[in-house]
Amino acid sequence: MSKQIVFHIGGWSSCGFYNKAYNVLASLSVLFPSRLRVVNHVYGSRDEYRSWLLGEDETDGFRDTFLGISKANKQTSSPFSWIEDSGSNNFVGGCDDTLDWCKSFVSPSASDAGKEKSKMKPDDFSEGHGYDYDLVVIGGGSGGLAASKEAAKFGAKVAVLDFVKPSPAGSTWGLGGTCVNVGCIPKKLMHNAALIGEILTNDVQPYGFNAPEQTEGHQWEKMRESVQNHIRGLNFNYRVTLREKNVTYLNKLGKFINPHTLEVTDKKGKVSQLTASRFVVATGGRPTTLDCEGGEHAITSDDIFSLEQSPGKTLCVGASYISLECAGFLAGLGLDTTVAVRSILLRGFDREIADKIGAHMEDHGVKFKNGVVPSKLKKASDGKITVTFSDGSSDVYDTVLTAIGRRADTEKLGVDAVGVKTNPKNGKIICTDEQTSVNNIYAIGDVMEGCPELTPVAIQAGKMLARRLFDGSDEPMDYQNICTTVFTPLEYGVVGLSEEDAKQVIGCGSKIEVYHSNFTPLEWSLSEHRQKHPAFCKVIVCKEDDKVLGMHYLGPHAGEVTQGFGVAMKKGMTYNELTNTVGIHPTSAETFTDLTVTKSSGESADSKGC
Ligand code: FAD
Ligand code: NA7
């Protein structure tokens, strides 16, 4: 059974807001006596209440026991609510916050009591700390922007630093970090360009349209311009939003001098200092460069999306998702594209799915050179690059794109010098609940050891950290069951474990059941070229308790299909619950609700239609 919550409410007897909140709380404590006890601190008049809450000269009242919780420190009205927990008091808020708390108390998810709490240590934050800022966030990418805006919402004085160091090939960009400028956004738009090309070339005729003469006709320059204009619009919006949310934006490069002071350098090389009580490091990562003779002639994802001209015949080095996604859209745009694979495709992902993606890409026109790495790159005066591979073979390319991993951007940040522990292998910062080994320095997103390198993860971690730092929350970030999508030509959406990991976690293969189906999405059914590689769904189930351990989907709109199932996975969905869900017809996602063929049965996974 969950622990009884001890909820305190203070107010003055004829205050309407206090009475409204108290009455709801009192009713709940009658309905759920084992779960809720209400302690009432009621005063006869407004003055008596204020003298209890604020004390003499508004300095030594009860409110002062919440030192450092800026929202509590600003609360002067009635009611004033908090929850007593193991000797400490957690501020809830005023009337609206109390009513919101009551709503969540009676909602079904509130039965998740016993949730883990953050293990963050006190960092000596106090209202009159005397530093320039309550919080300085270093890095204005996905995580940094989210954390800074959320902290400002709770009244904290916040600055965010963002400075882009040019890539070795000289590319730079605006505010917003990797995702917006050189990651998710341009990648998905160019992937979409390739999908449009595929539809125009192969799918339109059976629907009664004439196929236009393409893809030779694809204009890289036009696509690049549209994509870059969109990005510039986003950069501008970020600046405006920061201003609106009272976050100071500084286009400066930060470096720690001590745990409360940064040295900051602007574009012109002018150096100054700024201090803060708390810091959040959100500097993300940068692509690893190719470490072989002539490696400097290769570009990375930092450069590809802003190339002035088509990359032409391209070699993509690396076989993880960034390399495969880029190879997929380049081939889709009609370019001669090869992937150099050192060992396997998509390490860490489900093997069966990785093989299906590889086979589809090959038929999609991508060439694979397996078991090789480049050993030498030589650039000729016409710009062409001759690549010699480790097996002695060689070929000539217009562009070599390296996607062989990313390293945390901490090298020149001075974190080690102030005592922040990092992993020497990848430069990532080691944290517990986003708190580093120096209590007032925190880290979120790609720069944090163990954090999945995904935009929504950085955003969520940033928001939740800000709530813990400035709003009295004790809820830690949950890194389990995060959905993701690989935007290869055949898109792949996944939440939960791969078949290999499920076997390992559960102990042996016989304790899991795999349900699967090959099927043709309705929108593909009129196109002959789509028939060779069907879409695919796979659900991995623990036989003991029927819990779904992993869901895998290969097919169109994989992100859209997978997202909602992520909620169900977080709630601990069983196979029975999944198949008792009524599907939406005719969609691809409905296949998940009708998975009956098990892998162990040896029956064909091919769908027989609706
Ligand atoms: P970033 O967004 O990298 O931001 C860090 C910022 O800090 C940068 O602007 C940097 O210039 C700045 N900075 C660094 N050092 C300093 C300093 N000393 N002072 C001041 N500023 C500094 N994720 C997805 O979820 N979906 C996808 O489809 C997806 N596709 C991707 C495709 C590619 C090609 C790449 C490279 C990544 C992709 N990702 C995707 C990953 C995603 O982009 C990252 O996980 C996310 O951007 C991380 O956010 P962050 O806040 O940790 O860091
Ligand atoms: P990953 O996911 O770290 O994968 C790196 C890939 O590059 C992988 O296929 C590696 O092969 C390969 N690799 C690594 N070093 C080399 C060298 N020296 N030569 C050739 N191939 C190599 O990197 P990504 O760049 O795709 O993405 C990094 C993250 O950024 C990703 O998680 C996204 O969320 C954002 P291996 O399998 O090790 O043999």
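Indexing begins at 1, ligand by ligand and atom by atom, following the structure's order. Here, residue 1 is the first one in the sequence, and each next residue gets the next number.
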Next on the checklist: Give me the nearest non-hydrogen protein atom to atom 4 (O) of ligand 1 as residue plus atom name, then the distance to 0.1 Å.
Outcome noted: Gly141 CA, 3.3 Å
Next on the checklist: Within the supplied structure, the quantity of interest is the number of heavy atoms (other residues, nucleotides, ligands) at a distance under 6.0 Å from His557 NE2; does it exceed 12?
Outcome noted: no
Next on the checklist: Could you go through Phe565 and Phe592, starting from their C-alpha distance and side-chain angles, then the distance that decides it, and tell me whether this counts as ring pair (Phe, Tyr, Trp, His ring centres under 6.0 Å)?
Outcome noted: CA-CA 10 Å; Phe565 288 116; Phe592 274 120; 4.9 Å; yes
Checklist entry - Going by the atom numbers of ligand 1, which of them fall below 4.0 Å from some non-hydrogen atom of Gly143? => result 51 (O)
Item to check | Protein heavy-atom partner closest to atom 45 (O) of ligand 1 - residue, atom, separation in Å | outcome: Asp446 OD1, 2.8 Å
Next on the checklist: Less than 4.0 angstrom from a charged side-chain N to a carboxylate O is my criterion; do Arg224 and Glu308 meet it?
Outcome noted: yes
Checklist entry - By number and element, which atoms of ligand 1 are closer than 4.0 Å to a non-hydrogen atom of Ala282? => result 4 (O), 5 (C), 6 (C), 7 (O)
Item to check | atom 14 (C) of ligand 1: the protein heavy-atom neighbour that sits closest, reported with distance to 0.1 Å | outcome: Asp409 OD2, 3.3 Å
Item to check | Which of the ligand 1 atoms, numbered from 1, are nearer than 4.0 Å to a heavy atom of Val182 | outcome: 34 (C), 36 (C)
Next on the checklist: In this structure, is the centre-to-centre distance between the rings of Phe487 and Tyr321 below 6.0 Å?
Outcome noted: no
Item to check | Option whose closest heavy atom lies nearest to atom 40 (C) of ligand 1, chosen from Gly183, Gly144, Cys184 | outcome: Cys184
Item to check | Salt bridge flag under 4.0 Å for residues Lys188 and Glu325 | outcome: no
Item to check | Arg468 to Tyr442 six-membered ring, cation-pi geometry met (6.0 Å, 45°) | outcome: no
Checklist entry - So, Asp478 and Lys570, do they make that salt bridge, N to O below 4.0 Å? => result yes
Checklist entry - Would you call Arg351 and Glu499 a salt bridge, taking side-chain N to carboxylate O under 4.0 Å as the test? => result no
Next on the checklist: Can you report which non-hydrogen protein atom sits closest to atom 41 (C) of ligand 1, along with the distance?
Outcome noted: Glu453 O, 3.5 Å
Item to check | Under 4.0 Å to a heavy atom of Leu413 - the qualifying atoms of ligand 1, by number | outcome: 18 (N)
Item to check | Any Arg342 side-chain heavy atom under 4.5 Å of Val317 side chain | outcome: no
Item to check | Phe279 and Phe256 aromatic centres sub-6.0 Å | outcome: yes
Checklist entry - Taking non-hydrogen atoms only, is Phe256 closer than 4.0 angstrom to ligand 1 via side chain, backbone, both or neither? => result neither
Checklist entry - Is the shortest heavy-atom distance from the side chain of Thr178 to the side chain of Arg406 under 4.5 Å? => result yes
Item to check | Atom CD of Glu296 with >12 non-hydrogen neighbours under 6.0 angstrom | outcome: yes
Checklist entry - Should Asp350 and Lys538 count as an ion pair when the cut-off is N to O under 4.0 Å? => result yes
Item to check | Minimum non-hydrogen distance to atom 20 (C) of ligand 1, winning option of Lys252, Lys187, Lys165 | outcome: Lys252
Checklist entry - What residue and heavy atom of the protein are closest to atom 16 (C) of ligand 1, and at what distance? => result Thr283 CG2, 3.6 Å
Checklist outcome for this item: The answer for which part of Asp162 has a heavy atom under 4.0 Å from ligand 1 is both
Checklist entry - Contact residues of ligand 2 with a heavy-atom cut-off of under 4.0 Å? => result Val317, Gly318, Ala319, Ser320, Tyr321, Ile322, Arg342, Ser343, Arg347, Val373, Ala403, Ile404, Gly405, Arg406, Glu453
Next on the checklist: Suppose I only count heavy atoms of Tyr321 and a 4.0 Å limit; which atoms of ligand 1 are within that range?
Outcome noted: 29 (C), 39 (N), 40 (C)
Checklist entry - Where's the contact between Ile138 and ligand 1, heavy-atom distance under 4.0 Å: side chain, backbone, both or neither? => result side chain
Item to check | Which residue and heavy atom of the protein sit nearest atom 42 (C) of ligand 1, plus the separation | outcome: Thr455 OG1, 3.4 Å
Next on the checklist: Please check whether Leu454 reaches ligand 1 - meaning an N/O of the residue sits under 3.5 Å from an N/O of the ligand, judged on distance alone.
Outcome noted: yes
Item to check | Protein heavy-atom partner closest to atom 53 (O) of ligand 1 - residue, atom, separation in Å | outcome: Gly284 CA, 3.3 Å
Checklist entry - What orientation do His552 and Tyr492 show, parallel under 30°, tilted 30 to 60°, or perpendicular over 60°? => result parallel
Checklist entry - Taking only heavy atoms of Thr178, which atoms of ligand 1 are found under 4.0 Å from at least one of them? => result 1 (P), 2 (O), 3 (O), 36 (C), 43 (O), 47 (O)
Item to check | Nearest protein heavy atom with distance in Å, relative to atom 11 (O) of ligand 1 | outcome: Phe163 O, 2.9 Å
Checklist entry - With only distance considered, is Gly254 within less than 3.5 Å of ligand 1 through an N or O on each side? => result yes
Item to check | Arg406 touching ligand 1 at heavy-atom level, < 4.0 angstrom | outcome: yes
Next on the checklist: Using side-chain hydrogen bond (donor to acceptor under 3.5 Å, both in side chains), reason through Ser171 and Asp302 one step at a time and then give a plain yes or no.
Outcome noted: CA-CA 7 Å; Ser171 308; Asp302 281 355; over 6 Å; no
Checklist outcome for this item: Under 4.0 Å from one or more heavy atoms of Ser301, ligand 1 contributes atoms 34 (C), 36 (C)
Next on the checklist: Side chain, backbone, both or neither: which applies to Lys412 and ligand 1 if a contact is any heavy-atom pair less than 4.0 Å apart?
Outcome noted: neither
Checklist entry - With a cut-off of 4.0 Å, which atoms of ligand 1 are near a heavy atom of Pro456? => result 25 (O)
Checklist entry - Does CG in Asp291 sit with more than 12 non-hydrogen atoms of other residues, nucleotides or ligands closer than 6.0 Å? => result no
Item to check | Among Lys384, Lys379, Lys313, salt bridge (Lys or Arg N to Asp or Glu O under 4.0 Å) partner for Asp398 | outcome: Lys384
Checklist entry - Around Tyr479, counting heavy atoms of other residues, nucleotides and ligands shown, do more than 12 lie under 6.0 Å from its OH? => result yes
